[in-house]
Amino acid sequence: MTSQPFLEAVKNRRSIYGISKEAVISDDKIVEIVQEAVKHTPSSFNSQSTRVVVLLGENHNKLWDLTTGTLRKIVPADQFESTEQKMNAFKAGYGTVLFFEDKDVVDGLMQSFPSYAQNFPIWSQHTSGMHQFVIWTALEAEGLGATLQHYNPLIDEEVKAAWSIPDSWQMVAQMPFGKPTAEPGEKDFKPLEERVKVYK
Ligand SMILES: Cc1cc2nc3c(=O)[nH]c(=O)nc-3n(C[C@H](O)[C@H](O)[C@H](O)COP(=O)(O)O)c2cc1C
């Protein structure tokens, strides 16, 4: 393999907000993608601190109903309509991937390697981001559309209760996905010369 198909997939990954429940690939394939990503994505000190929950079918619907209910309690009534529309758009998708980091693993590293202690929580977030990117890109390469959302910590307790999530798992992000029903928005790019320096 050359870098070309990989970079093509990187380029094709976008935030897709319009998604539907129409199946694009089988549930088994979705799970396989997530498992492969979780197995092979790197982590600091090979800690493998990332935890992932895949919600499909009624479980996916339940997540977005639960999030809508939580937001209803805190978003001012006159702004709630647009919030609800957003939640309905995520619920309209096929599934959601939830990303967590296992605090017990991170705490263990902090104790085992005191000289790096302050870095482990940061590296744990980096590790999660890498997993998010790999799964996002792989789902899009299969013809699905996804976005990255952050309704944590607002929904943490309800999610833990609904899916028996261990206490040490800390939620980092939610990734709703489905068959794309809308094109991605315009995207601006800053000049690369400002962002990449090369010395040779
Ligand atoms: C770390 C990170 C956090 C993000 N958080 C959110 C979010 O909470 N909600 C959202 O709709 N998009 C979120 N995004 C998506 C970005 O806004 C989006 O990736 C960026 O505007 C580039 O657009 P693209 O994804 O279409 O390439 C996040 C992206 C990253 C990398």
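First listed ligand is number 1; within each ligand, the first listed atom is number 1. Position 1 is the first residue of the sequence, and the numbers go up from there. Fair warning: this is a prediction, and the values are worked out from it, not measured in the lab.
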Only distances under 3.5 Å count here; give the side-chain donor-acceptor pairs of residues 172-181 to other protein atoms, sequence neighbours excluded, each with its distance to 0.1 Å.
residue	atom	partner	partner atom	Å
Q174	OE1	H150	N	3.4
Q174	OE1	Y151	N	2.7
Q174	NE2	N152	OD1	2.9
K179	NZ	E22	OE2	3.0
T181	OG1	G18	O	3.1
T181	OG1	I19	N	3.3

Check your understanding: Do NZ/NE/NH1/NH2 and the carboxylate oxygens of E32 and K29 come within less than 4.0 Å?
Key -> yes
Check your understanding: Is there side-chain contact between V52 and T50, with heavy atoms separated by less than 4.5 Å?
Key -> yes
Check your understanding: List by chain and number: which residues place a heavy atom under 4.0 Å from ligand 1?
Key -> R13, R14, S15, Y17, W136, L148, Q149, H150, K187
Side-chain donor-acceptor pairs of residues 63-80 under 3.5 Å, sequence neighbours excluded:
residue	atom	partner	partner atom	Å
W64	NE1	T96	OG1	2.9
D65	OD1	K91	NZ	2.8
D65	OD2	K91	NZ	3.4
T67	OG1	L63	O	2.7
T68	OG1	W64	O	2.6
T70	OG1	L66	O	3.0
T70	OG1	E158	OE1	2.6

Check your understanding: After noting the C-alpha distance and the side-chain angles of D102 and F100, does the key distance pass the side-chain contact (heavy atoms from CB on, under 4.5 Å) rule?
Key -> CA-CA 7 Å; D102 192 336; F100 302 81; over 6 Å; no
Review point. Transitive ILVMFWY cluster of Y199 at side-chain heavy atoms under 4.5 Å: who else is in it?
Key: none
